[in-house]
Amino acid sequence: MNVVVFSSKPYDEKYLSAANAQAGHKLHFLEARLDESTCTLAAQHAAVCAFVNDRLTTHVLHVLKTFGVRLIALRCAGFNNVDLKTAKEYGIAVVRVPAYSPHAVAEHTVSLMLALNRKTVRASHRIREGNFALDGLLGFDMHGRTAGIVGTGKIGAVVAEILKGFGCRLLAFDMFRNPACEALGVKYVELPELLAQSDIVTLHCPLLPETYHLINGFAVAQMKDGAMLINTSRGALVDTPAVIQGLKDGKLGYLGLDVYEEEGELFFEDKSGQLLQDDVFARLLTFSNVLITGHQAFFTEEALRNIAETTLGNITAFEQCRASGNEVKG
Ligand code: NAD
């Protein structure tokens, strides 16, 4: 198929081209992010390959439809950036990569927890400046602490496994109990109880209308004093100003983010030569107990290989009128 790949970086091109050696599609790589101003670049392509911050709005889908686009192949797990209702109306199929490496995201999640707890970044800066004092670097044992996992699907379950290895007490909130988590000894509780009892709260549920700003001012107030909040799922699960208030009040002890509600304007680009225009993000950067990475939790060799192979497989299956099993239903 003739496929236009939006938001393409050199690493996307490398892994997708390698996977395409067998699949044989015609891939056209574009650095541009897909949105209302760039969607005309999809002309003369039957399929669009998109990533997390591409915006498949009603208008974009309308334009894609007029160009004869029949498939949107998301090279990510989440699909909150696609107007699925409109895609269905226009008969545009949407496929995704539901699992490529839950380990990649889970391991990054735990690395944020450890780095925040043990102040690794601050310690490293100090050492480079010749300051070997330990004041301000006091951490806590993970062993015996309570971790609350919100969403125990593929990623949440691996986080549970890793934290079990540390000897954490594990609580979880999910509408569906994961037997693998139960076998590890995870105790399912309602969200308010999880928030009230957890030293660490980590988010692994999808962004849906019902999970939008799941962590708002009310939720922060329910959390344990000094607790750690980690979000490697989707930015809009967290109401950022409410969390900033929690940090200012000292209610929240630590915040680790790999995602941010307004990340579309920032992440995946080198903006080091520009003035930061996002005041909320700028405020987050002022806290020494906040650690932010730029949506890199997925970014491992294994994950990129799996993403590329599954994406190309999804496109081939669509072309051959076969179900890939990775269709997103509207
Ligand atoms: P998954 O579908 O396997 O699991 C999601 C779980 O969340 C399911 O068990 C589901 O029942 C649960 N859930 C749904 N609504 C919920 C709610 N309101 N409260 C609590 N639980 C709820 O998904 P996954 O593969 O584990 O991925 C989880 C999320 O991680 C994705 O939705 C995606 O947004 C994010 N993600 C981030 C990165 C990254 O690089 N930062 C990479 C991949 C995925």
Side-chain angles (χ1 to χ4, degrees), residues 4-13 29-42 48-64 69 72-87 94 96-97 100 104-105 108 112 203-209 211-216 230-244 255-285 290-299 303-304 307 311 328:
V4 56
V5 183
F6 280 93
S7 298
S8 174
K9 299 288 180 198
Y11 46 81
D12 292 309
E13 192 163 341
F29 294 97
L30 292 180
E31 278 185 35
R33 184 157 65 108
L34 175 58
D35 61 21
E36 304 198 347
S37 65
T38 59
C39 54
T40 51
L41 297 169
V48 163
C49 181
F51 195 48
V52 289
N53 289 327
D54 289 314
R55 302 186 58 191
L56 292 124
T57 61
T58 310
H59 176 76
V60 169
L61 290 166
H62 180 76
V63 174
L64 298 185
V69 169
I72 291 161
L74 298 170
R75 52 182 195 282
C76 54
F79 46 85
N80 51 284
N81 53 337
V82 185
D83 176 352
L84 291 177
K85 188 167 164 276
T86 303
V94 181
R96 66 177 180 130
V97 185
Y100 41 86
V105 183
H108 189 76
L112 287 177
L203 306 179
H204 302 289
C205 57
L207 176 60
L208 302 166
T211 57
Y212 175 78
H213 287 183
L214 183 78
I215 302 298
N216 53 18
I230 304 283
N231 185 11
T232 61
S233 192
R234 284 292 179 267
L237 293 177
V238 169
D239 176 357
T240 313
V243 161
I244 287 174
L255 175 67
L257 300 177
D258 185 53
V259 288
Y260 170 60
E261 186 165 7
E262 303 303 330
E263 69 177 49
E265 298 307 317
L266 297 170
F267 288 7
F268 305 122
E269 304 300 331
D270 180 358
K271 306 241 173 190
S272 55
Q274 299 172 27
L275 288 173
L276 178 59
Q277 297 297 330
D278 183 330
D279 292 347
V280 176
F281 193 77
R283 184 68 178 100
L284 280 177
L285 296 179
V290 171
L291 185 53
I292 306 176
T293 52
H295 209 137
Q296 70 171 80
F298 74 99
F299 200 55
L304 288 188
I307 288 170
T311 300
V328 183

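Side chains are part of it too, since the values below use all heavy atoms of this structure and drop only hydrogens, waters and symmetry mates.
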Would you give the length of the straight line joining atom [atom1] of [X] to atom [atom2] of [Y], rounded to the nearest 0.5 angstrom?
X	Y	atom1	atom2	result
R55	C39	CZ	SG	11.5 Å
L203	T232	CG	OG1	8.0 Å
L276	E265	CG	CD	11.5 Å
F298	L304	CZ	CG	6.0 Å
L56	L34	CG	CG	5.0 Å
F267	N53	CZ	CG	8.5 Å

Side chains of [X] and [Y] in contact at under 4.5 Å (non-hydrogen atoms):
X	Y	result
T57	E36	yes
D278	Y260	yes
L41	F6	yes
L237	C205	yes

Out of L84, L207, I72, which one pairs with F79 under the side-chain contact (heavy atoms from CB on, under 4.5 Å) rule? L84
Residue among L291, I292, V290, T240 satisfying side-chain contact (heavy atoms from CB on, under 4.5 Å) with L255: V290
Neighbour count >12 (heavy atoms, 6.0 Å) for atom CD, Q296: yes
Give a yes or no on this: more than 12 heavy atoms of other residues, nucleotides or ligands lie within 6.0 Å of atom NZ of K85. no
For the residue pair [X] and [Y], what are the closest heavy atoms and their distance?
X	Y	value
E261	H213	OE1-NE2, 2.8 Å
G256	L112	C-CD1, 4.2 Å
R75	V5	NH1-CG1, 3.5 Å
D258	A297	OD2-N, 3.0 Å
D83	L61	O-CD1, 3.2 Å
D12	F29	O-CE2, 4.4 Å

If we ignore hydrogens and angles and just use 3.5 Å, is the side chain of [X] paired with the main-chain N or O of [Y] as donor and acceptor?
X	Y	value
R96	C76	no
N81	F51	yes
D54	R33	no

Test side-chain contact (heavy atoms from CB on, under 4.5 Å) on V52 and H295 and set out the steps. CA-CA 9 Å; V52 289; H295 209 137; 3.9 Å; yes
Go through the side-chain N and O atoms of S233 and N231 and say whether any donor and acceptor fall under 3.5 Å apart. no
Within the 3.5 Å criterion, strictly below it, is a donor on H108 or T293 matched to an acceptor on the partner's side chain? yes
Could you walk me through whether R234 and E263 pass salt bridge (Lys or Arg N to Asp or Glu O under 4.0 Å), step by step? CA-CA 10 Å; R234 284 292 179 267; E263 69 177 49; over 6 Å; no
